[in-house]
Amino acid sequence: MNFDAYARTGVDLVNARLDDLDALRALFPDENAWMRDEVAERDLAIFRRAQKRLRDVFEYGTSGRDAQAVAELNALLEAFPVQPRISGHDSSDWHMHVTSRGASVSAEYLAGAVWGLSVWLCEYGSARFGVCADERCGNVYLDTSSNCCRRFCSERCATRSHVAAHRARKRAAIGEQLSAPADSLTPVS
């Protein structure tokens, strides 16, 4: 089982817009087209509640509240238990699923996402759960940097934030020059 891929489904869920059923369907990549086809209106509310709770896990991790992150993940593991089973269409296609046959789309997706994030926390610690430092963004991410120093969800957000900070410093410097007394601007002979 690829636990990183399952953990990333948790990230995808937290960052998704869940305005309606079509938005929820957009969450599922092509390899999970069956989920996109089978998801129902009743799943939308379940996904929204889980999305909020998973965001809390990332916020706990980002702020160093490990015990709260663990408690929330344990509660989610109870709500969306992993019931592994082997599945496949022929002897060359065997793979693992995280829920029993006939489980709802929300049960299947959320069991995998919660399990993946739980394994990630045990492997790397909750400090590797991040919330983008760009205040206009708010997306979450898994910090895969070598020294746990990532602050942004993407290069785009990092660049946008750094450019905005540079421009703000430049405006402040110009403002200081304009507000300085006139005699301080003339050269001394």
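Listed by chain and number, the residues in a side chain to side chain donor-acceptor pair (under 3.5 Å) with Arg42 amount to none (sequence neighbours excluded). The salt bridge (Lys or Arg N to Asp or Glu O under 4.0 Å) test applied to Arg49 returns no partner, not counting sequence neighbours. With sequence neighbours excluded, the residues forming a side-chain contact (heavy atoms from CB on, under 4.5 Å) with Ser154 are Arg156, Cys157, listed by chain and number. Considering only residues two or more places apart in sequence or on other chains, Ala158 meets the side-chain contact (heavy atoms from CB on, under 4.5 Å) condition with Phe152, His162. In terms of the side chain to side chain donor-acceptor pair (under 3.5 Å) criterion, Asn139 has no residue partners (sequence neighbours excluded). The ring-ring contact (aromatic ring centres under 6.0 Å, His included) search around Phe28 returns Tyr109, not counting sequence neighbours. The side chain to side chain donor-acceptor pair (under 3.5 Å) test applied to Thr9 returns no partner, not counting sequence neighbours. Residues passing the side chain to side chain donor-acceptor pair (under 3.5 Å) test with Ser146, sequence neighbours excluded: none.
For residues 122-136, the pairs satisfying side-chain hydrogen bond (donor to acceptor under 3.5 Å, both in side chains) are Asp66-Ser126, Asp134-Arg136, Asp134-Arg160, with sequence neighbours left out. Under the salt bridge (Lys or Arg N to Asp or Glu O under 4.0 Å) criterion, the residue pairs touching residues 70-82 are Arg53-Glu72, with sequence neighbours excluded. Among residues at least two apart or in separate chains, salt bridge (Lys or Arg N to Asp or Glu O under 4.0 Å) pairs with a member in residues 26-35 are Asp30-Arg36. Counting only residues at least two apart or in different chains, salt bridge (Lys or Arg N to Asp or Glu O under 4.0 Å) contacts with residues 12-21 comprise Arg17-Asp19.
Shortest non-hydrogen contact noted between Val131 and Thr62 is N-OG1, 3.3 Å. For the residue pair Ala111 and Val82, the shortest heavy atom distance occurs at O-CG2, 3.9 Å. Contact between Val39 and Leu21 at its shortest, heavy atoms only, is CG1-CD1, 4.1 Å. Taking both residues in full, the closest heavy atoms of Val140 and Cys153 are given as O-CB, 4.4 Å, listed atom of the first, atom of the second, then distance. Nearest heavy atoms, Ala107 versus Phe80: CA-CD2, 4.5 Å.
At distances below 3.5 Å, not a single donor-acceptor pair connects side-chain atoms of Glu38 with backbone N or O atoms of Val105. Remark: the backbone N or O of Ala103 is not paired with any side-chain donor or acceptor of Glu108 at under 3.5 angstrom. The main-chain N or O of Val119 is never found under 3.5 Å from a side-chain atom of Tyr6 such that the two would form a donor-acceptor pair. No donor-acceptor pair closer than 3.5 Å links the side chain of Asn32 to the backbone N or O of Pro29.
How far CG of Leu44 is from OG of Ser106: 10.5 Å, rounded to the nearest 0.5 Å. If you take CG on Asp43 and CD on Glu41, they are separated by 9.5 Å, rounding to the nearest 0.5 Å.
Here the side chains of Asn15 and Tyr141 are not in contact, with every heavy-atom distance at 4.5 Å or above. Under the 4.5 Å side-chain criterion, counting only non-hydrogen atoms from C-beta, Leu13 is in contact with Leu18.
Linking Ile, Leu, Val, Met, Phe, Trp and Tyr whenever their side-chain heavy atoms come within less than 4.5 Å puts Leu27 and Trp115 in one cluster. Both Leu121 and Leu117 are part of a single hydrophobic cluster, where members link through side-chain heavy atoms under 4.5 Å apart. Taken together through direct or relayed side-chain contacts under 4.5 Å among Ile, Leu, Val, Met, Phe, Trp and Tyr, Tyr60 and Leu77 form parts of separate hydrophobic clusters.
Test Val11, Leu142, Leu54 against Phe129 for side chain to side chain contact (heavy atoms under 4.5 Å, CB included) and you get one pass: Leu142.
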